[in-house]
Participant: 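Here you go, one structure.
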Amino acid sequence: MLFGGYIKDPYRPIYVYRYDELNGAANQQLLLWVNETGKRFVNEEVVDNFAEAGNALFTQNEFYTILDQATVDHLQNDSLYKPMGTYDYHDTKLPHLQEEIDDELAKNAKYLTKADNIEELAKKLNLPDLPATVKHYNEQAHAGEDEDFGMNAKFMIPVEKGPVYAIKQGVGAFCIWVA
């Protein structure tokens, strides 16, 4: 059994991020997921099904959630894009999201990368396909149709306004049952 994504911090276990707003945004708000080259690889709506999410994520060597400042501002000041799914979370916003991002950046958290734009982010993380992926994703978001994976258009959140962020993810849990 595989479980959906969680922040992949090389220094702290995943469970410490269980109720962090940054983890909730990265893993429950259907934001853009890309693999180790910067390509989108799944309909992000899989977050609502542990097995589907875990299995999709486990097919990649690495994966990241990509978001921009407009998304951070929206989640913090306006509303969530969708309920937080499996989280026991009752707020309609993530009121401390920017504060969590700034605190983690100040601590030089290895899982969080900030850049002024997508091209700079791609260079920092060696994600050569990221600029083309984001361009194509944004075009589909503005057209209101995900031709690649069939995601509900209302959840396709463009990545346009810098700064931009990448949150390195890992599979939340993995276990095997042997009879």
Side-chain angles (χ1 to χ4, degrees), residues 4-8 21-87 89 91-94 97-98 101 111-169 171:
Y6 263 80
I7 287 173
K8 187 171 184 175
E21 292 181 11
L22 184 55
N23 190 56
N27 297 300
Q28 292 289 307
Q29 290 303 296
L30 307 179
L31 305 177
L32 176 62
W33 283 357
V34 300
N35 67 13
E36 65 274 3
T37 68
K39 286 186 180 179
R40 186 171 177 229
F41 60 93
V42 70
N43 175 335
E44 293 84 352
E45 289 177 285
V46 299
V47 302
D48 290 326
N49 181 303
F50 291 155
E52 288 181 7
N55 286 324
L57 302 176
F58 199 63
T59 65
Q60 307 303 309
N61 292 322
E62 293 183 347
F63 65 98
Y64 301 85
T65 298
I66 307 296
L67 65 157
D68 68 359
Q69 191 61 48
T71 299
V72 172
D73 294 343
H74 179 87
L75 290 169
Q76 180 167 298
N77 302 317
D78 298 327
S79 68
L80 299 172
Y81 294 110
K82 65 176 261 333
M84 291 291 273
T86 61
Y87 280 54
Y89 190 82
D91 204 335
T92 59
K93 302 176 189 176
L94 299 175
L97 182 57
Q98 188 68 60
I101 290 170
Y111 68 84
L112 180 61
T113 304
K114 177 182 178 182
D116 291 333
N117 55 57
I118 287 297
E119 292 75 16
E120 180 185 338
L121 188 65
K123 285 180 184 172
K124 283 184 172 185
L125 293 171
N126 191 27
L127 302 174
D129 298 319
L130 185 63
T133 296
V134 170
K135 181 179 186 286
H136 180 64
Y137 178 83
N138 287 346
E139 289 168 354
Q140 291 184 103
H142 290 297
E145 184 178 4
D146 180 3
E147 296 174 357
D148 298 330
F149 297 102
M151 184 149 103
N152 185 325
K154 74 179 181 179
F155 295 126
M156 294 196 66
I157 311 305
V159 179
E160 299 172 314
K161 179 185 175 190
V164 293
Y165 306 92
I167 305 162
K168 189 170 187 177
Q169 302 292 306
V171 175

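Only a predicted model underlies this, so the values are computations on that prediction, with no experimental measurement involved. The first residue of the sequence shown is numbered 1, and numbering continues consecutively from there.
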Participant: Which heavy atom of A153 sits nearest to which heavy atom of G144, and what is that distance?
Facilitator: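 So the two residues come closest at CB-O, 3.2 Å.
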Participant: Going by the rule side chain to side chain contact (heavy atoms under 4.5 Å, CB included), which residues pair with L125 if we only count those two or more places apart in sequence or in a different chain?
Facilitator: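 Testing L125 for side chain to side chain contact (heavy atoms under 4.5 Å, CB included), a comparison that skips the adjacent residues, returns Y64, T113, L121, L127, A166.
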Participant: For residues 54-66, which residue pairs qualify under salt bridge (charged side-chain N to carboxylate O under 4.0 Å, His left out), counting only residues two or more places apart or in two chains?
Facilitator: E62-K168
Participant: Starting at CD of E44, measure out to CG of L31 and round the result to the nearest 0.5 Å.
Facilitator: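 Spacing of CD (E44) from CG (L31) equals 8.5 Å.
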Participant: Roughly how far, to the nearest 0.5 Å, is the CD atom of Q98 from the CG atom of L22?
Facilitator: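 Those atoms lie 10.0 Å apart.
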Participant: Only counting residues at least two apart or in another chain, list the ones meeting side chain to side chain donor-acceptor pair (under 3.5 Å) with Q60.
Facilitator: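 Q60 satisfies side chain to side chain donor-acceptor pair (under 3.5 Å) with N35 once adjacent residues are dropped.
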Participant: If you look only at pairs with a residue in residues 30-39, which of them pass as a salt bridge (charged side-chain N to carboxylate O under 4.0 Å, His left out), with sequence neighbours excluded?
Facilitator: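 Salt bridge (charged side-chain N to carboxylate O under 4.0 Å, His left out) check on residues 30-39 returns no pairs.
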Participant: Holding to side chain to side chain contact (heavy atoms under 4.5 Å, CB included), I want the full list of residues that pass it with A132, two or more places apart in sequence or in another chain.
Facilitator: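 A132 satisfies side chain to side chain contact (heavy atoms under 4.5 Å, CB included) with no other residue.
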Participant: Among residues two or more places apart or on two chains, list those pairs meeting salt bridge (charged side-chain N to carboxylate O under 4.0 Å, His left out) that have a residue in residues 145-156.
Facilitator: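 Sorted pair list: R40-D146.
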Participant: Apply side chain to side chain donor-acceptor pair (under 3.5 Å) to D78 and list each qualifying residue two or more places apart in sequence or on a separate chain.
Facilitator: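 Per chain and number, D78 pairs via side chain to side chain donor-acceptor pair (under 3.5 Å) with H74.
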Participant: Considering residues at least two apart in sequence or located in another chain, which fulfil the ring-ring contact (aromatic ring centres under 6.0 Å, His included) criterion with Y111?
Facilitator: Y17
Participant: So how far is it from N27 CG to I167 CD1, rounded to the nearest 0.5 Å?
Facilitator: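 Those atoms lie 8.0 Å apart.
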Participant: What are the two closest heavy atoms between G38 and T133, and how far apart are they?
Facilitator: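 Heavy atoms of G38 and T133 come nearest at O-OG1, 2.7 Å.
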Participant: CG of D116 to CD of Q69: how many Å apart, nearest 0.5 Å?
Facilitator: 11.5 Å
Participant: Can you tell me how far the CG atom of N117 sits from the NZ atom of K123, to the nearest 0.5 Å?
Facilitator: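 Rounded to the nearest 0.5 Å, the CG-NZ separation comes to 8.5 Å.
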Participant: Could you tell me if the side chain of V159 sits less than 4.5 Å from the side chain of L67, heavy atoms only?
Facilitator: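 A side-chain contact under 4.5 Å is absent here.
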Participant: Please determine whether side-chain contact (heavy atoms from CB on, under 4.5 Å) holds for the pair T65 and Q169, giving the CA-CA distance in whole Å, both sets of side-chain angles, and the decisive distance to 0.1 Å.
Facilitator: CA-CA 7 Å; T65 298; Q169 302 292 306; 3.7 Å; yes
Participant: With sequence neighbours left out, what residues match V42 under side chain to side chain contact (heavy atoms under 4.5 Å, CB included)?
Facilitator: W33, V46, A56
Participant: Only pairs at least two apart or in different chains count here, so list each salt bridge (charged side-chain N to carboxylate O under 4.0 Å, His left out) that has a residue in residues 124-144.
Facilitator: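 Checked against salt bridge (charged side-chain N to carboxylate O under 4.0 Å, His left out) - neighbours excluded - the pairs reaching residues 124-144 are E120-K124, K135-E139.
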Participant: Assess, by modelled atom type and distance only, whether the side chains of N77 and D73 contain a donor and an acceptor separated by less than 3.5 Å.
Facilitator: no
Participant: Using the side-chain contact (heavy atoms from CB on, under 4.5 Å) rule, take E160 and N138 through it: C-alpha gap first, then chi angles, then the decisive distance, then the call.
Facilitator: CA-CA 8 Å; E160 299 172 314; N138 287 346; 3.6 Å; yes
Participant: Could you tell me which residues satisfy side chain to side chain contact (heavy atoms under 4.5 Å, CB included) with E45, sequence neighbours excluded, listed by chain and number?
Facilitator: L30, N43, M151, N152, F155
Participant: What's the shortest heavy-atom distance between I118 and P131, and which atoms?
Facilitator: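 So the minimum-distance heavy-atom pair works out to CG2-CA, 3.7 Å.
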Participant: Heavy atoms only: give me the nearest L32-Y137 pair and the separation to one decimal.
Facilitator: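 The answer is CD1-CD1, 3.8 Å.
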Participant: Is there a side-chain contact between D68 and Y165, using heavy atoms and a 4.5 Å cut-off?
Facilitator: no
Participant: Once ring-ring contact (aromatic ring centres under 6.0 Å, His included) is applied, do any residues pair with F149, and if so which ones, sequence neighbours excluded?
Facilitator: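 Partners of F149 by the ring-ring contact (aromatic ring centres under 6.0 Å, His included) criterion come out as none, since no residue qualifies.
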Participant: If you define the side chain from C-beta out and look only at heavy atoms, does anything of K82 sit under 4.5 Å from D48?
Facilitator: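 A side-chain contact under 4.5 Å exists here.
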